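This is a predicted model, so every value here is computed, not measured. We name chains A, B, ... by the order of the sequence lines, and we start the count at 1 in each one. Below, all heavy atoms of this structure are taken into account, side chains as well, without hydrogens, waters or symmetry copies.
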Amino acid sequence: MYVEFLGIPRERAGLSELEVQASTLGQLLTELSTRLPRFSELMIDGRLHTSIAANLNGNEFVSDPDTRLTAEDRVLLLSADVGG
Amino acid sequence: MPPGFHGKYLRIDVTDGSARAVDLPDRTLRDYVGGSGLGVRLLLDEGTAAADPLSPEAPLVFAFSPLVGSPLTTSAKFAVVSKSPLTDRINDSLASSGFAVAGKRSGSDALMIVGRAPELSVLVIDGTDVVSGFSRTSLIPAGDLRGKTCQATEDALRARLGSDFRIASIGPAGEHAVRYATISHDGRHAGRGGSGAVLGSKNIKAIAVRGSQRTEYADPKGVTALSRDLSKRSMGPATAKYRELGTATNLLVFNRFGALPTRNFQSGTFAEAESISPQALSESRGKTRSSCVTCTIGCEHIYGFAGGKGGTVRMEYESLFALGSLCGVGDPDAVLRAAKRCDELGLDTISAGGTIAFAMECVERGWLDAPWLRFGDGGAMLRAIDLIGRREGIGNLLADGSRRAAAVIGHDSIAFAPQVKGLEIPGYEPRALQTMALGFAVGARGADHNRSGAYEVDFSDQVDRRNVTLDAVRLAIETEDKAALMDSLILCKFLRGVFEDFHAETAEMLRRVTGWDVTADELRDTARRIVTAKRQFNLLAGWTPAEDTLPERFLSTPLPNDPAASLSRERLDDLVAEYHRQRGW
């Protein structure tokens, strides 16, 4: 699957997109924090900090680490506080 | 009188420059706190909700709060409250920063201005007489300031009166009663709803204030400790977006989600979004950061122009979307120049962009005779802004906002005038963000992202943002209540992610400042009381249930780039009815 980074996640990841293999959201976040050390600043106890949101394919927002992912998914990581 | 307050407001009649201090009962202060809440209460007590907002008897209130002047981060803010000449409903706009501190130190919890000066004037309020505790007010002629920009007015007055004065002023748009003219201070604006036109209608070009009357704290050490803790937390991850990127970074996020209003809400994606993104803006021009007095976040990202000439401009998401994608303009310099021109003229960028985008669509349909005003033409947008600021040519029509312009243009153009209650819609596509659609529909001052934070609900796993159910109503109400409380305490909304228990933590702030035994539950009640007071004002001003809705475009046409983003009139009506039921209205 592909991960798209927007906002602060992009700043911490240092890139806009990354291909990753994972079958759950929790696995994905663990993989990201291993491969992208600064990304781990956005995580607490294996979950995203409340200021960061995860979205599947531009549709539903997800937070449960057990959320199942497929190889076709695109996971968007963005700043949760979208207010202007 | 509780600590943190002066226990009075100053009622100034600019017809003759007279002023009198009016006592504020402790109960009023506790029930409405300050800022928006106190301002609305004072307007209700004046009994002028039915008056023409541009008439002499219509009051304009600058309200401070018990936290203003404290070291609590982001608390240097003031609310400007009046009846809106754009919506004919309640309007409360907030701005920062030094004017709030100086205004409170002038010795009052609020300043109420009524009447009409015989000539264009500056209202001077001097509260430096600590012994008497009185503020001296005077009017000085301002004919030499006529037509000057907000910043030029501020600079001229500080040079004339002294650098310890803080100035709130209107630009040419306020002088010409543009219905979405702002009141500006230090480059920031009480932006929405036309408070600048209200001040202009009173023949007041600017208010200059200084003072040295501080309020006490019930627990000074406690206030200091809380302030240190809050400042420390305000520099953490919850505010990183505002600090590092600014609100403009929303542009690409919204574009990715197909929720970026484009070409007068005819699409939710903008092909040229990348070219006006903050990343692109930063690559080709200088950028600096700034912050308000007492603020530790520093959200302001200030851009220069390509080539380094033409000064600088603060750029926020709302200005970027309204003068960029909404008008189909992808030229970054044109967008920056438009934002700067709005700042100089004293125009709300959201209403300016929304009204111009509406006009562009009318031209496209052949309903408005201004063939030069085309989507995507940055030069035409700049020309329109200047005409609006001077009320010349087509600018005279557009200066009244999209709702009134639609009434003149006809052809049922009101169906796509991008407004609720007359206030132009900010940068959140309602069909793609349907909890926010409800927040827009029921907003007391019209469609606004600062009075309803329901977009946060849409960007969470609590709802399906393109198919919300009645379960979303309670969540929308919670964000509206929270916003009302933040606007009354007053604290910046960019802090909201910092709190683990917002009501408990803000109750502790008030306890330390005022000595009240206030609880989290009491503040929940206070928030509801303030929202209800706004509703009460609107009822007295002539509100009808039909106003709590969205333009027909959003209810009859799915979002073209995302057909799943469809909101029927029946569903919105159900949401609004449930909102009214839960409010007990």
Side-chain angles (χ1 to χ4, degrees), chain A residues 2-18 24-26 28-29 32-33 36-69 73-84, chain B residues 236-259 278-279 299 316-322 350 426-428 432-433 436 449-450 452-467 479 483 493-498 500 562 564:
Chain A
Y2 281 91
V3 180
E4 292 181 39
F5 300 95
L6 297 157
I8 287 295
R10 182 180 293 189
E11 295 295 306
R12 296 295 182 273
L15 40 81
S16 58
E17 191 173 272
L18 183 67
T24 67
L25 180 63
L28 171 68
L29 296 176
L32 291 178
S33 60
L36 306 167
R38 285 205 69 202
F39 185 83
S40 61
E41 295 173 18
L42 304 178
M43 293 178 58
I44 297 176
D45 298 331
R47 301 179 75 120
L48 288 170
H49 186 275
T50 54
S51 64
I52 306 298
N55 178 279
L56 285 185
N57 308 308
N59 296 318
E60 62 180 316
F61 284 85
V62 293
S63 57
D64 185 346
D66 294 329
T67 301
R68 303 296 301 178
L69 303 176
D73 280 332
R74 292 187 78 86
V75 180
L76 282 62
L77 297 173
L78 60 145
S79 298
D81 44 354
V82 292
Chain B
T239 57
K241 187 195 88 167
Y242 299 111
R243 192 170 52 249
E244 295 181 32
L245 301 170
T247 59
T249 194
N250 292 345
L251 189 92
L252 292 182
V253 174
F254 278 56
N255 198 49
R256 176 62 182 83
F257 280 85
Q279 291 83 354
C299 71
E316 304 286 344
Y317 167 65
E318 295 299 339
S319 301
L320 198 54
F321 114 88
I350 301 174
Y428 304 78
L433 304 168
M436 193 66 207
H449 61 295
N450 279 318
S452 173
Y455 53 81
E456 288 184 335
V457 180
D458 288 314
F459 275 83
S460 77
D461 59 3
Q462 299 177 90
V463 299
D464 174 354
R465 63 185 172 88
R466 291 176 294 197
N467 188 27
T479 72
K493 297 192 181 74
F494 293 171
L495 263 186
R496 64 195 185 282
V498 167
E500 292 178 10
D562 183 4

Selection from B:T249, B:L245, B:D458 maximising heavy-atom pairs under 4.5 Å formed with chain A: B:L245

Minimum-distance pair of heavy atoms, taken over all atoms of B:P237 and A:S51: O-OG, 3.5 Å

Residue B:F254 versus chain A: region with a heavy atom under 4.5 Å: side chain

Closest-packed option against chain A by number of heavy-atom pairs under 4.5 Å, given B:D461, B:D562, B:D464: B:D461

Under 4.5 Å from any heavy atom of chain B - which part of A:S63: both

Interchain contact, B:F459 with chain A, by part (heavy-atom threshold 4.5 Å): both

Per-residue contact mode, A:E60 against chain B (heavy atom under 4.5 angstrom): neither

Straight-line distance of B:E244 CD to A:E11 CD, nearest 0.5 Å: 6.5 Å

Which atom of B:R465 lies closest to which atom of A:N59, heavy atoms considered: NE-O, 4.0 Å

Passing option when A:L78 is tested against B:L252, B:N250, B:V253 for side chain to side chain contact (heavy atoms under 4.5 Å, CB included): B:V253

Closest approach of A:H49 to B:A238 (non-hydrogen atoms, all atoms of both residues): CE1-N, 4.1 Å

Among B:G497, B:C299, B:G236, B:A240, residue most engaged with chain A (heavy-atom pairs, under 4.5 Å): B:A240

Contact winner vs chain B - A:N55, A:V62, A:I52, A:D64, heavy-atom pairs under 4.5 Å: A:N55

Contacting region of A:E41 [heavy-atom separation from chain B under 4.5 Å]: neither

For chain B, the option from A:D81, A:T50, A:L6, A:L42 that forms the most heavy-atom pairs under 4.5 Å: A:D81

Among A:A53, A:G58, A:A54, residue most engaged with chain B (heavy-atom pairs, under 4.5 Å): A:G58

Proximity breakdown for A:L76 and chain B, heavy-atom pairs closer than 4.5 Å: side chain

